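Shown next, in structure tokens, is the structure this report addresses.
Just so you know, these numbers come straight off a predicted model, no measurement behind them. Only this structure's heavy atoms are used, side chains among them; waters, hydrogens and symmetry mates stay out. Per chain, numbering begins at 1; letters A, B, ... match sequence-line order.
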Amino acid sequence: MIDRRLIREQPEKIRAALRHRGYEFDLDELVEVEKRRRELLAIVESGRAQRNALSEQIGRLMQEGSDAQSLKQKATALGEELTQHEEELGQVEEQFEALMLELPNIPLEEVPIGESEEDNVVVYTKGKIRRFDFTPVGHWELGERLGILNFQVAAKQAGARFATDVGAGATLERALINFMLDTHTRKHGYTEVLPPFLANERSCYGTANLPKFEEDLFKTTDGLYLVPTAEVPLTNMHQDEILTADELPKYYTAYTACFRSEAGAAGKETRGLIRVHQFHKVELMKFVKPEESDEELEKLVQNAESIIQALELPYRRMHLCTGDMGFQPRQTFDLEAYFPAMDRWLELSSCSQYGDFQARRCNTRYRPHPKAKPEFVHTMNGSGLAAGRTMAAIIENYQQEDGTVVIPDVLRPYMGGMAEITPPLP
RNA sequence: GGAGAGGUGGCCGAGCGGCUGAAGGCGGUCGCCUGCUAAGCGACUAUGGGGGUAUAAGCUUCCAUCGAGGGUUCGAAUCCCUCCCUCUCCGCCA
């Protein structure tokens, strides 16, 4: 949610943002509703002021023991008229809120303007792309051959677009999660959180997964949602709270399973572990002062990158353009690893800053000084990293001609010293 | 799941139909006092929204908010209903 004052003070700024995003939205309607809301509010408030004054008078008269009957009648009549206006205001307010919730964030000026994925900008590429003297095999195929990934079993257990890790595969993914959490807590100063994997409606509104993206979420029969990312519980850690300045910045990291219904998605990218209904991720999340926002985002991106670097995977950093960016962020950087079998770069991490967009929805504020008025904090988050995709990247990049997958050095202590995953004997 | 108790400002806590946006305390800010420290004294100290004025802040006025939503009433923190949450006890369970 953006500052409502922008609606009447800088509608052109919003209009430009919508255009750059290629986002359909009836801004004129919102401007109109906002105006109507203020008009009605003035009427209702003066009506209330009159009623309050009358009531006070009645109270005084009755205490004196005087007759207040005629004033009461007057108040009743006033009340009836007021109720009508209040109802109208209620409707307009509802309309206004609904529209505000559907309005996306305003991209920062430095975000490249573009229409699609094609217009994203490569900030830099790091690591060496390995040259294979054999044809690399896709992680889904190699994983099945090694007996560490089983999509048939997953289909029986749950359905299409699920994955079951078995044996060394399960150990590898767990090793990745542990390595990531240890790195972020011990080296980067994040506080580890293990939150509920279900979130209520309010929390999903807080991160703006609701109301616009309900079709992406799994909903339980009692109205809770399976978390699509740890961003949801983490961003709501301080819902309705006023933090003190010296508490900021706050760094949180959490492992959660992530559930996405992705109803519409289909195609090439759905192979193997790339796009599944449940995956595993370690998330990084920060609450910061507005003036520290950019600097903190940069550190967060580097924290995520450090994992890819430690795993020695080739990757690149992308600056997402206005057209490819999500609804909520002001700015997003993606970290994409190279997948040799697919000959594609795929996102392992997406790091976004939101400004006060989510903080407004979560009502998370802080006092810049002990006596100062509360202001909204800034939030940001990024994957640090998506474990399933990272495992897929390892399988593809570390495969040998004989079908063996070498375990990256940093993970070996997490796997009881295992150095490679070898195919079962025929 | 059952039974009981409760949800009030940054925190604790009083109030149980009108003069209560809310006593008192803690915390905080500013000032005074004290040759360090501690203590003491005084003032100020909720949030959001609309309007006026000034636009760097500010000042002023009105409205709303005592878990959320509805109801009764001229008037609700206070009475009634529904829901949510917390605590205690019982049951069930990894």
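In this structure, NE2 of A:His369 is placed 19 Å from P of B:G10, rounded to the nearest angstrom. In this structure, the OH atom of A:Tyr366 is 19 Å from the C1' atom of B:A46, given to the nearest Å. The distance from atom CZ of A:Phe197 to atom C1' of B:A94 is 16 Å, rounded to the nearest whole Å. Whole-Å rounding puts the A:Ile43 CD1 to B:G49 C1' distance at 16 Å. One can place CD of A:Glu375 at 13 Å from C1' of B:A57, the figure rounded to the nearest angstrom. In this entry the distance linking CZ of A:Arg360 with P of B:G48 reads 11 Å, nearest Å. Atom CD in A:Glu97 sits about 11 Å away from atom C1' in B:G49, given to the nearest Å. Regarding A:Asp240, its CG atom lies at a distance of 14 Å from the C1' atom of B:A46, rounded to whole Å.
Nucleotides B:A76 and B:G70 place their C1' atoms 14 Å apart, quoted to the nearest Å. Nucleotides B:A77 and B:G71 have their P atoms positioned 15 Å apart, rounded to a whole Å. Taking atom P in both B:G75 and B:A64, the straight-line distance is 12 Å, to the nearest Å. Using P as the reference atom, B:C81 and B:G25 are 36 Å apart when rounded to the nearest Å. Spacing of C1' atoms, B:G13 relative to B:G27, comes out at 14 Å, to the nearest Å. With P as the reference atom, B:C11 and B:G28 are 15 Å apart, rounded to whole Å. Annotation: B:C89 and B:G9 have their C1' atoms spaced 32 Å apart (nearest Å). Distance noted for atom C1' between B:G1 and B:C92: 8 Å (whole Å).
At least one side-chain nitrogen or oxygen of A:Arg367 sits closer than 4.0 Å to the OP1 or OP2 atom of B:U47.
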Problem - Test salt bridge (Lys or Arg N to Asp or Glu O under 4.0 Å) applied to A:Arg317 and A:Glu336, step by step - result: CA-CA 6 Å; A:Arg317 174 175 177 171; A:Glu336 300 181 338; over 6 Å; no
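Among residue pairs with one or both ends in residues 139-159 of chain A, those qualifying as salt bridge (charged side-chain N to carboxylate O under 4.0 Å, His left out) are A:Glu141-A:Arg145; sequence neighbours excluded. Applying the salt bridge (charged side-chain N to carboxylate O under 4.0 Å, His left out) definition to pairs two or more places apart or across chains, none involves residues 166-177 of chain A. Sorted by first and then second residue, the salt bridge (charged side-chain N to carboxylate O under 4.0 Å, His left out) pairs with a member in residues 227-238 of chain A form an empty list; sequence neighbours excluded.
A search for side chain to side chain contact (heavy atoms under 4.5 Å, CB included) contacts involving A:Ala337 returns A:Phe339, A:Leu348, A:Ala393, not counting sequence neighbours. Every residue meeting the side chain to side chain donor-acceptor pair (under 3.5 Å) condition with A:Gln278, not counting sequence neighbours, appears here in chain and number order: A:His280. The side chain to side chain donor-acceptor pair (under 3.5 Å) search around A:Thr164 returns A:Gln157, not counting sequence neighbours. Every residue was checked against the side chain to side chain contact (heavy atoms under 4.5 Å, CB included) condition with A:Asn52, not counting sequence neighbours, and none meets it. Taking the side chain to side chain donor-acceptor pair (under 3.5 Å) definition, one finds that A:Arg60 meets it with nothing, sequence neighbours left out. Residues satisfying the side chain to side chain contact (heavy atoms under 4.5 Å, CB included) criterion with A:Thr220, sequence neighbours excluded, are A:Leu198, A:Asp222, A:Leu224, A:Leu226.
Between A:His277 and A:Phe218, the ring-plane angle classifies as perpendicular under the 30° and 60° cut-offs.
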Problem - Sugar-phosphate or base contact per nucleotide [nucleotides 58-76 of chain B; S, B, -; heavy atom under 4.0 Å] - result: ----BBS---------BS-
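The stretch residues 31-40 of chain A touches RNA chain B through A:Arg37, A:Arg38, each having a heavy atom within less than 4.0 Å of the strand.
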Exercise for the section: Give RNA chain B the dot-bracket treatment, 5' to 3': Watson-Crick (N1-N3 with N6-O4 or O6-N4) or G-U (N1-O2, O6-N3) under 3.5 Å, [ ] crossing, | other strand. Expected result: ((((((((.[[[..)..(.....]]]((((((.......))))))((((((((....)))))))).[[[[[..)....]]]]])))))))....
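For the pair A:Lys250 and A:Phe287, the NZ or CZ position fails the cation-pi test of under 6.0 Å to the six-membered ring centre and within 45 degrees of the ring normal.
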